[in-house]
Participant: 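Please see the structure below; I have some questions.
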Amino acid sequence: MSYLSSRSIHACAHLRTICSRSHVLPARPFLRFGLNRPALSLRDRTLSLRLCCCATYRTSALHQSSNHLSISQLKQNVRLERNMSTNATVEADTTGTAVLEKGTCAADNPLLEDSVTPQFDKIQAEHVVPGIKALLAELNANLDELEKTVQPTWEGLVEPLERLSDKIERTWGAVSHLKAVKDSEPLRTAVDEVQPERVKLSLRLSQSKPLYEAFKGIKEGKLWSQLSEAQQRIVDGELRDFVLGGVALEGTARERFNEIQQELSQLSTKFSNNLLDATKAFKKLLKDPAEVEGLPKSALELAAQQAKTEGEAEATAEKGPWLFTLDFPSFFPVITHSKNRALREEMYRANITRASSGEKDNSPLIEKVLSLKQEKARLLGYDNFAEVSMASKMATLDKAEALLEDLRSASWDAAVKDLEEVKAFATKQGFTEELRQWDISFWAERLREDKYNITDEELRPYFALPNVLEGLFQVAGQLFGVTVEAADGKAPVWNADVRFFCIKQDGKPKAYFFFDPYSRPAEKRGGAWMDEVVGRSKLLAPQGESVRLPIAHMVCNQTPPVGSKPSLMTFREVETVFHEFGHALQHMMTQQAEGLVAGIRGVEWDAVELPSQFMENWCYNRATLNTFGRHYETNEPLPEDLYKKLVAARTYRSGSMMMRQLHFAMLDLELHARFNPGGKETVFDVDHRIAQKTMVMQPLPEDRFLCGFSHIFAGGYSAGYYSYKWAEVLSADAFSAFEEAGLENESAIAETGRRFRDTVLSLGGGRAPALVFKVPFAQIQRNHKLGAYKLF
């Protein structure tokens, strides 16, 4: 990691020693049980590559996340979204709030309607097949013409490709988004019908010899030296991704490669469908108050509300009945607070075996996915799929594994101590049975309450969602000089709970975003993620404007409002919102005019988690908490003693949380680098083998968490889950710059925030992360005297 600054290396040292500095290791016990929605993630929705909060596997929360790739990666099943025409406009009304004006309707099909945002309130499953087929026919004709006339110039190659890819990105993106947040059998059927044709277009783009030769012509010709840094990054990325997309393959090798890509796309979708269906299938209705002893009032209120939706009209939090599911807001309180040990065991076992049997069994899908990826890698000339993945990242396989092992060896003793402390505490409290997997979170939470005298339920009333958003937006204003204004009603939404916001800078619209906060287990994937609706682009600017403004999705699955109360959030849910907003900021605050590397597009995967993890740190800042930590009924601020307890508890069991996260990352790399499909070891054998060095308490023999590991089997983190830890080093470095400036020094914080905005958030994929993080110190020295290089 020689490209890292001295502060990054120092931050890595902190990680190694499980240091207690507030910005290094947030501890979130629910990690052990949470399962993925994504998160960043970051690309093709078919592959579920969104920018994700690792709520399910990481320390916080990005199902998937969504960093855009280059054109040729877009060609390869990479995040494809919907068309935006140049005559759609964004204007300001007399009140200063952005107004979205629809353009002309290209067809009676709302999926193809020419508008600033997709017509989410009108698009139905029956629109998908005719809409996508019509669009694909148009784009294939456009590609026919481009291949005949292509020239090795920016105007003759890159610009027409950006226009073409934007159309399919936006249209398919709308479909994929609705499938993630408003799933239904008719929508699944429609997607299954047209997805092979969409993949076929992607493959055609990624293997187009005329386009590839034209990019080579730019690289090797006189034009190269005249291109900007961002434009050169685009060309280099395209050339790399053409190769990764199979452009050099011929004959039967190409045919087989394309068959693999089609099958991987179908398997990814099936994996997600199976997991969602398996999660929905589990329902536990309880009627005896003794069975729900220990559960907090908020959990009982939610369970009673869920029971009402299933026909129990008289259900109340006090008398029941109560319905529990494997959806995280329902599952987590049981595994953490229920005194009913049999209930904890039943739900724990159900959770770790989701989608592992019957018609919804993901086990054979996992083996097939790994086999196909290995075959794909060898067709491309690589030894394994991990090497293919690393070809477009900052790290190499050796460096990623070295970092993980470094952190593992330094964290093991702390994790052992964590478990010993929980066992000792449980024994002291009179627990005489063997401590099992479904007991850990329960007793760890009791120990946390005893040690720090703080509970999630005590904190909830101070974290109402409206107040949290207000505080989040104030932080964004202080750091980055922007304002965030409600723009509800200015764009169609897919659910009545979805909010729409406008970000303004210097009084002018800068970007927009949708926010879908609540869990809807019947139709919405779990977890949290950020995705792109449309990216910033000079080429695709509306008529009369200089640039097209970016629009994002932020999707969470937090506790919904119960009765007349607002959504009262756990602190982990607060962190998740800050995390996803960090991803969204990188998409929305970009100043990059080249659309193919604007915002999260073109950013190496193992760097893209930096802004999200960076934003989480502000949750613990006292000045920030003062802006939103207010009792929802009395408006009283979060008491100082509670704040101190919250900060003190931040690194509680951080050794265990680190090891759990490292388990996911090391298992991911092992499966994609060395697993032999069809060999003596099954994927579950590998899971248990890796667990011997990453988990102090070994998993149950029947543990099948891999069947729910969407990040790597239906998302963008295949051979890339290590990115969370890689980016955590960079994130710690970034926040330490603010600490050095003085968190109480408002002017210094604002100045440092503007520098972060103008580099990390602004440059997008137009500059290599290693260069973004390695600006010569002399350029920004001012009052900081810390070493040869600074992060930004």
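None of these values were measured; they are calculated from a predicted model. We're numbering straight along the sequence, starting at 1.
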Participant: What do you reckon, are the aromatic ring centroids of Phe385 and Tyr382 less than 6.0 Å apart?
Facilitator: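 Ring centres of Tyr382 and Phe385 not closer than 6.0 Å.
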
Participant: Can you say whether the rings of Trp726 and Tyr722 are parallel (under 30°), tilted (30 to 60°) or perpendicular (over 60°)?
Facilitator: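 Perpendicular: the ring planes of Trp726 and Tyr722 meet at over 60°.
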
Participant: Looking only at non-hydrogen atoms, find the nearest pair between Asn362 and Leu275 and report the distance.
Facilitator: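 Closest approach of Asn362 to Leu275: ND2-N, 4.2 Å.
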
Participant: Evaluate the side-chain proximity of Leu671 to Asp687: yes if any heavy-atom separation is below 4.5 Å, no if none is.
Facilitator: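 In short, these two side chains do not touch, never coming nearer than 4.5 Å.
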
Participant: Mind listing the closest non-hydrogen atom pair of Leu326 and Met347 along with its distance?
Facilitator: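 So the minimum-distance heavy-atom pair works out to CD2-O, 3.9 Å.
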
Participant: Would you say Gln207 and Asn258 are linked by a side-chain donor-acceptor pair, where the criterion is simply a distance under 3.5 Å?
Facilitator: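 Per modelled atom types, Asn258 and Gln207 side chains form a pair under 3.5 Å.
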
Participant: Please tell me if the side chains of Asn140 and Leu201 come closer than 4.5 Å, counting only heavy atoms from C-beta onward.
Facilitator: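 They are in contact (side-chain heavy atoms under 4.5 Å apart), so the answer is yes.
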
Participant: Determine whether the aromatic ring centres of residues His583 and His587 are separated by less than 6.0 angstrom.
Facilitator: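 When the ring centroids of His587 and His583 are compared, they turn out to be at least 6.0 Å apart.
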
Participant: Can you sort out the partners of Thr559 under side chain to side chain donor-acceptor pair (under 3.5 Å), two or more places apart, ordered by chain and number?
Facilitator: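 Per chain and number, Thr559 pairs via side chain to side chain donor-acceptor pair (under 3.5 Å) with Glu573.
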
Participant: Listed by chain and number, what are the side-chain contact (heavy atoms from CB on, under 4.5 Å) partners of Thr396, not counting sequence neighbours?
Facilitator: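 Once residues adjacent in sequence are excluded, the partners of Thr396 under the side-chain contact (heavy atoms from CB on, under 4.5 Å) criterion are Asp398, Lys399.
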
Participant: Test of understanding: with salt bridge (charged side-chain N to carboxylate O under 4.0 Å, His left out), list the residues that count as partners of Lys270, not counting sequence neighbours.
Facilitator: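 Lys270 satisfies salt bridge (charged side-chain N to carboxylate O under 4.0 Å, His left out) with no residue once adjacent residues are dropped.
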
Participant: Please name the residue in the list Tyr717, Trp605, Trp529 that meets the ring-ring contact (aromatic ring centres under 6.0 Å, His included) test with His711.
Facilitator: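 Of the listed options, the one satisfying the test is Tyr717.
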
Participant: I want to check something: taking the side chain as every heavy atom from C-beta on, are Leu264 and Val199 in contact at a cut-off of under 4.5 Å?
Facilitator: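 Side chain of Leu264 against side chain of Val199, heavy atoms only: no contact under 4.5 Å found.
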
Participant: Quick one: do Glu346 and Lys284 make a salt bridge, cutoff under 4.0 Å?
Facilitator: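 Yes, charged N to carboxylate O under 4.0 Å.
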
Participant: Between His663 (side chain) and Lys693 (backbone), is there a donor-acceptor pair under 3.5 Å?
Facilitator: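 No.
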
Participant: To check you understand the geometry: which heavy-atom pair defines the closest contact between Gln266 and Pro196, and what is its length?
Facilitator: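 Taking Gln266 first and Pro196 second, the nearest heavy atoms are NE2-CG, 4.2 Å.
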
Participant: Going through the checks in order, is the salt bridge (Lys or Arg N to Asp or Glu O under 4.0 Å) test met by Glu604 and Arg240?
Facilitator: CA-CA 13 Å; Glu604 280 76 352; Arg240 175 200 65 208; 5.1 Å; no

Participant: Quick check: does any side chain N or O of Ser206 sit under 3.5 Å from a backbone N or O of Phe242, one acting as donor and the other as acceptor?
Facilitator: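 No; zero donor-acceptor contacts below 3.5 Å.
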
Participant: Ignoring hydrogens and angles, tell me if any N or O in the side chain of Arg254 forms a donor-acceptor pair with the backbone of Val247 under 3.5 Å.
Facilitator: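 Side chain of Arg254 to backbone of Val247: a pair is present.
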
Participant: Can any side-chain N or O of Ser723 pair as donor or acceptor with the backbone N or O of Gly720 at less than 3.5 Å?
Facilitator: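 Yes; at least one donor-acceptor contact below 3.5 Å.
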
Participant: Only counting residues at least two apart or in another chain, list the ones meeting side-chain contact (heavy atoms from CB on, under 4.5 Å) with Thr682.
Facilitator: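 Listed in chain order: Phe684, Asp685.
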
Participant: Would you name the heavy atoms of Val129 and Val194 that are closest together and state the gap between them?
Facilitator: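 Closest approach of Val129 to Val194, heavy atoms only: CA-CG1, 3.7 Å.
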
Participant: First locate atom CD of Glu197, then atom CG of Leu135, and finally report the distance between them rounded to the nearest 0.5 Å.
Facilitator: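 Answer rounded to 0.5 Å: 12.5 Å.
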
Participant: Heavy atoms, side chains only, cut-off 4.5 Å: are Phe664 and Phe709 in contact?
Facilitator: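 Sidechains of Phe709 and Phe664: in contact.
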
Participant: Which pair of heavy atoms, one from Pro699 and one from Ala691, lies closest together, and at what distance?
Facilitator: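 Heavy atoms only, the tightest pair is CD-CB, 3.7 Å.
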
Participant: Side-chain contact, heavy-atom cut-off 4.5 Å: His177 with Val555?
Facilitator: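 Side chain of His177 against side chain of Val555, heavy atoms only: contact under 4.5 Å found.
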
Participant: Salt bridge check, Arg188 against Glu185: does any charged N sit closer than 4.0 Å to a carboxylate O?
Facilitator: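 The answer is yes: the pair qualifies as a salt bridge.
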
Participant: With Arg378, which residues qualify under salt bridge (charged side-chain N to carboxylate O under 4.0 Å, His left out), at least two apart?
Facilitator: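 Checked Arg378 against salt bridge (charged side-chain N to carboxylate O under 4.0 Å, His left out); zero matches.
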
Participant: Looking at residues at least two apart in the chain, or sitting in another chain, which of them share a side-chain contact (heavy atoms from CB on, under 4.5 Å) with Pro611?
Facilitator: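 Counting only residues at least two positions away or on another chain, Pro611 forms a side-chain contact (heavy atoms from CB on, under 4.5 Å) with Gln586, Val760, Leu761.
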
Participant: Do Lys200 and Gln262 have a side chain donor and acceptor closer than 3.5 Å?
Facilitator: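 Absent: no donor and acceptor within the cut-off.
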
Participant: Could you walk me through whether Lys725 and Glu728 pass salt bridge (Lys or Arg N to Asp or Glu O under 4.0 Å), step by step?
Facilitator: CA-CA 5 Å; Lys725 287 304 169 191; Glu728 191 172 350; 2.7 Å; yes

Participant: Check salt bridge (charged side-chain N to carboxylate O under 4.0 Å, His left out) between Asp516 and all other residues, then give those that pass, not counting sequence neighbours.
Facilitator: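 Partners of Asp516 by the salt bridge (charged side-chain N to carboxylate O under 4.0 Å, His left out) criterion, ordered by chain and then number, come out as Arg520, Lys524.
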
Participant: I'd like to know if the side chain of Tyr724 pairs up with that of Gln613 as donor and acceptor (distance under 3.5 Å, no hydrogens or angles considered).
Facilitator: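 Distance-only check fails for Tyr724 and Gln613.
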
Participant: Using the test side chain to side chain donor-acceptor pair (under 3.5 Å), find all partners of Glu310 that sit at least two apart in sequence or belong to another chain.
Facilitator: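 Lys283.
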
Participant: Using the test salt bridge (charged side-chain N to carboxylate O under 4.0 Å, His left out), find all partners of Glu126 that sit at least two apart in sequence or belong to another chain.
Facilitator: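 Residues passing salt bridge (charged side-chain N to carboxylate O under 4.0 Å, His left out) with Glu126: none at all.
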
Participant: Hey, does the side chain of Glu359 reach the backbone of Asn274 with a donor-acceptor pair shorter than 3.5 angstrom?
Facilitator: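 No: the side chain of Glu359 does not pair with the backbone of Asn274.
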
Participant: Is a side-chain N or O of Asp241 found less than 3.5 angstrom from the main chain of Leu244, in a donor-acceptor match?
Facilitator: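 Not at all, since once roles are kept as given, no pair shorter than 3.5 Å links the two residues.
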
Participant: Decide yes or no for His553 and Met530: does some side-chain heavy atom of the first lie under 4.5 Å from some side-chain heavy atom of the second?
Facilitator: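 The answer is no; the side chains never approach within 4.5 Å.
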
Participant: Distance check, rounded to the nearest 0.5 Å: Leu706 atom CG versus Leu365 atom CG?
Facilitator: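 Those atoms lie 13.0 Å apart.
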
Participant: Is Leu404 close to Leu669 at the side-chain level, that is, under 4.5 Å between some pair of heavy atoms?
Facilitator: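 Yes; the side chains approach each other to less than 4.5 Å.
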
Participant: Does any donor atom in the side chain of Arg408 or Thr694 lie under 3.5 Å from an acceptor atom in the other side chain?
Facilitator: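 Side chains of Arg408 and Thr694: no pair found under 3.5 Å.
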
Participant: Taking Asp668 for its side chain and Ala719 for its backbone only, find out whether a donor-acceptor pair lies under 3.5 Å.
Facilitator: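 Yes.
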
Participant: I need the full list of ring-ring contact (aromatic ring centres under 6.0 Å, His included) pairs touching residues 260-280, with sequence neighbours left out, sorted by first then second residue.
Facilitator: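 For residues 260-280: Phe271-Phe713.
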
Participant: Any donor-acceptor pair under 3.5 Å linking the side chain of Arg344 with the backbone of Trp438?
Facilitator: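 At least one qualifying donor-acceptor pair exists.
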
Participant: I'd like to know if the side chain of Glu367 reaches the main chain of Gly678, judged simply by a donor and an acceptor atom lying under 3.5 Å from each other, with no hydrogens or angles considered.
Facilitator: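 Yes, the answer is positive, given that a donor and an acceptor are paired below the 3.5 Å cut-off.
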
Participant: I'd like to check Asn273 versus Lys179 (side-chain heavy atoms, cut-off strictly below 4.5 Å). Are they in contact?
Facilitator: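 Side chain of Asn273 against side chain of Lys179, heavy atoms only: contact under 4.5 Å found.
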
Participant: Under the side-chain contact (heavy atoms from CB on, under 4.5 Å) rule, collect the residues that match up with Val493, sequence neighbours excluded.
Facilitator: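 side-chain contact (heavy atoms from CB on, under 4.5 Å) check on Val493 returns Val498, Phe514.
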
Participant: Any donor and acceptor pair, going by atom type alone, linking the side chain of Asp606 with main-chain N or O of Met394 inside 3.5 Å?
Facilitator: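 Pair found, side chain donor or acceptor close to backbone of Met394.
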
Participant: Indicate whether any N or O donor in one side chain lies under 3.5 Å from an N or O acceptor in the other, for Glu255 and Thr252.
Facilitator: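 No, because no side-chain N or O of Glu255 sits under 3.5 Å from a partner of the opposite role on Thr252.
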
Participant: Determine the minimum heavy-atom distance between Pro329 and Asn557, stating which atoms define it.
Facilitator: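 In this case the closest contact between Pro329 and Asn557 is CG-O, 3.4 Å.
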
Participant: Going through the checks in order, is the side-chain hydrogen bond (donor to acceptor under 3.5 Å, both in side chains) test met by Ser265 and Gln195?
Facilitator: CA-CA 8 Å; Ser265 178; Gln195 184 164 278; 2.9 Å; yes

Participant: What pairs with Tyr518 under ring pair (Phe, Tyr, Trp, His ring centres under 6.0 Å), at least two apart in sequence or on another chain?
Facilitator: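 Once residues adjacent in sequence are excluded, Tyr518 has no partner under the ring pair (Phe, Tyr, Trp, His ring centres under 6.0 Å) criterion.
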
Participant: Is it true that atom NZ of Lys182 has more than 12 heavy atoms of other residues, nucleotides or ligands lying nearer than 6.0 Å?
Facilitator: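 No - once you tally the heavy atoms of other residues, nucleotides and ligands closer than 6.0 Å, there are 12 at most.
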
Participant: Around atom CD of Glu702, are there more than 12 heavy atoms from other residues, nucleotides or ligands closer than 6.0 Å?
Facilitator: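 Yes, enclosed.
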
Participant: Whether Arg660 engages the ring of Phe705 as a cation-pi pair (distance to the six-membered ring centre under 6.0 angstrom, angle to the ring normal within 45°) should be assessed.
Facilitator: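 Relative to the ring axis of Phe705, which defines the angle, Arg660 lies inside both limits.
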
